[in-house]
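Input: a single structure, listed below in C-alpha cells.
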Number of protein chains: 2
Amino acid sequence: MSLEYAILVSLQERAGSGYELARRFDKSIGYFWAASHQQIYRSLKRMVELDWVSCDEVAQDKRPDKKVYRVGEAGAAELARWLAKPVDPPTIRNELSVKIRGACVGDVDGVVEEVARHRQLHSQRLAAFRALERRDFPAPEGLSGQQLHQHLVLRGGILSEEAMVSWLDEALTVLRADLG
Amino acid sequence: MSLEYAILVSLQERAGSGYELARRFDKSIGYFWAASHQQIYRSLKRMVELDWVSCDEVAQDKRPDKKVYRVGEAGAAELARWLAKPVDPPTIRNELSVKIRGACVGDVDGVVEEVARHRQLHSQRLAAFRALERRDFPAPEGLSGQQLHQHLVLRGGILSEEAMVSWLDEALTVLRADLG
DNA sequence: ATTCACATGTAAGCAGTTACATGATTTT
DNA sequence: AAAATCATGTAACTGCTTACATGTGAAT
C-alpha cells in the first residue's frame, strides 16, 4: 500500500491528474518509488472510494479532459497515521548477484559483460541524480523543512548509486584479473 | 522467476532439502536474495514438474523424512541460458524515503526516530556482513572462481549497507539541526 | 503519413506475503 | 510442561507487470 502514500505525498505538494502523477513518478519521485500509469490510475480509484482524495473533472482547450485529484482531510490524516508507523527495511533481492554467484556454471565472460553493462547503467543514473542536485539544490546548507527533506531523499539515491558503481568497479577489476 | 535460479545456484553448490534451502536463504543467500519456506517449497514443486531438479526421499534416524533435491541436466542448461540473458537493475522502492519526503505533513520527530531505527538496523546488518567476510574470506586477494564470486556478492552487501549507514547518518545530522 | 504528447482505463497473470495446518524429537 | 528444531505443505490475498484498448491534437 506504499504507493497510495507516495501518491498522497506528491498530491499534497501539488494537486494533479493521473497522467501528471505518472510523469512525476518518471522523474522526481522515481528516485525513491517507481510506479506505472496503470498502477497509479488503479490506486487513485481506490483512494477516491476511501475518500482520501477528491476528484474534479477539468475540461481543457485543445486537450482531452482530465481529472484533478486533491488530498482531503481523511487522506492527510491517513498519511500522518502511516508516517508514525514503523516499517521494515526492504527485503534484499538482487538478480545480478544471483548471476555472479552462479557464473561458474555458465559463461563467465557473459556475466562479466553483464556486470559492465550494469556499471554503466548505474553510473548514468548517478550522473542524472547529481545533475538534479546541482540544478535544484545549489546551496544545500541553507535548506530546511520540505526542501531539506526532498534533498535528503535525493542524497539517498546518490549515495546508493555511488555504492553500486564502486561495487561493480571492484567486481570488474577482480573478475577480469581472474579471467586474464 | 529469479527465485528458481537462486535455488538452482544453491543446489548446484550442494544438494539439499526444502528445509535446508530455507536455512541457507536465512543466512548466506539472504544477503542477495530473500525467500520464505512457502515460496521455496512451491518453487521446488514447479522445478520438479519442469524436470530441472530431481527429488529423492530420504528416511532419517530420529528425524522426519526429507526430500533431497539435485540439479539435473535440464536445470543446469536452463541456469546457463538464464545467466546469458541481460536483466534490468531492480526498480527502486524505498518506503523510508517516502516517509522522509512526507515528514512535513505528519510528526517530523516520529520520522527522525524511524530514521534512527533504520540506521541501527543497517549498521547491525553491516556488522554481520563484515563478520562473515572476516570469517569466510580472511585472505581475499588469493581468491578465484566460485569463492571469488561468493566474496564479490558479499562485498556488494557490505558496500550497500555502508552507503545506507552513511546516508542515514547524514539524514540524522541535518534533520536534527533543522529541528533544534 | 507518422510519431509524439496528452489522457484514461481494463484484464490476465505472476511473484511474494500472511495465515493456516500438521506432526515428531530434542532441549530447557 | 513449554519451547525450539526439523520437516513439509495449502490457500487466500496483495501488489506489480505486461498486454490490450481507445481517442485527440500537435509537430515532423
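No experiment lies behind these values; they were computed from the predicted model shown. Just so it is clear: chains get the letters A, B, ... in the order the sequence lines come, proteins before strands, and each one is counted from 1.
The backbone N or O of B:Ser97 sits nowhere less than 3.5 Å from a side-chain atom of A:Trp33 that would complete a donor-acceptor pair. The backbone N or O of B:Leu121 sits nowhere less than 3.5 Å from a side-chain atom of B:Gln124 that would complete a donor-acceptor pair.
The OH-P distance, from A:Tyr41 to C:dA7, rounds to 8 Å in whole Å. Counting to the nearest Å, the C1' atom of C:dA24 and the CG atom of B:Asp65 are 11 Å from each other. The separation between B:Arg42 atom CZ and C:dA21 atom P is 19 Å, rounded to whole Å. The separation between B:Tyr69 atom OH and D:dT8 atom P is 7 Å, rounded to whole Å. Rounded to an integer number of Å, the gap from CD of A:Glu20 to C1' of C:dT8 is 13 Å. One interatomic measurement links the two molecules: NZ of A:Lys66 to C1' of C:dC6, which rounds to 10 Å at whole-angstrom precision. Look at CG on B:Leu21: it is 12 Å from P on D:dA7, rounded to the nearest Å. Distance B:Arg46 CZ to C:dG13 C1': 12 Å, rounded to the nearest Å.
In the set C:dG9, D:dT18, D:dC6, the nucleotide with an atom closest to the side chain of B:Tyr19 is D:dC6.
Of the two residues contacting DNA chain D, namely A:Ser36 and A:Arg63, the nearest-nucleotide position lying further toward the 5' end is that of A:Ser36. For the pair A:Met1 and B:Gly18, nearest-nucleotide mapping onto DNA chain D gives the more 5' position to B:Gly18.
B:Lys45 has no side-chain polar atom (N or O) that falls below the 4.0 Å cut-off from OP1 or OP2 of D:dT8. Considering only side-chain N and O atoms, B:Lys67 lies under 4.0 angstrom from the phosphate OP1 or OP2 of D:dG9. Regarding contacts with the backbone of D:dC6, every side-chain N or O of B:Lys62 stays at 4.0 angstrom or more from both OP1 and OP2. Residue B:Gln39 places at least one side-chain N or O closer than 4.0 Å to OP1 or OP2 of C:dT17.
No option in A:Phe137, A:Phe32, A:Tyr31 other than A:Tyr31 meets the ring pair (Phe, Tyr, Trp, His ring centres under 6.0 Å) test with A:Phe129.
For the pair B:Glu20 and B:Lys66, the salt-bridge criterion is met [side-chain N within less than 4.0 Å of a carboxylate O].
If you check every strand for non-hydrogen atoms under 4.0 Å, A:Ser17 touches sugar and phosphate atoms only.
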For nucleotides 19-23 of chain D, give me every protein contact, N/O to N/O, under 3.5 Å, one pair per line with atom names.
{"unit_1": "D:dA19", "atom_1": "N6", "unit_2": "A:Gln38", "atom_2": "NE2", "d": "3.0"}

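A cation-pi geometry, defined here as NZ or CZ lying under 6.0 Å from the six-membered ring centre and within 45° of its normal, holds between B:Arg23 and B:Tyr19.
By the neighbour-count criterion of 12 heavy atoms within 6.0 Å, atom CD of B:Gln60 is densely surrounded, having more than that number from other residues, nucleotides or ligands.
Side-chain contact between B:Arg42 and B:Gln38 is absent, with no heavy atoms from C-beta onward closer than 4.5 Å.
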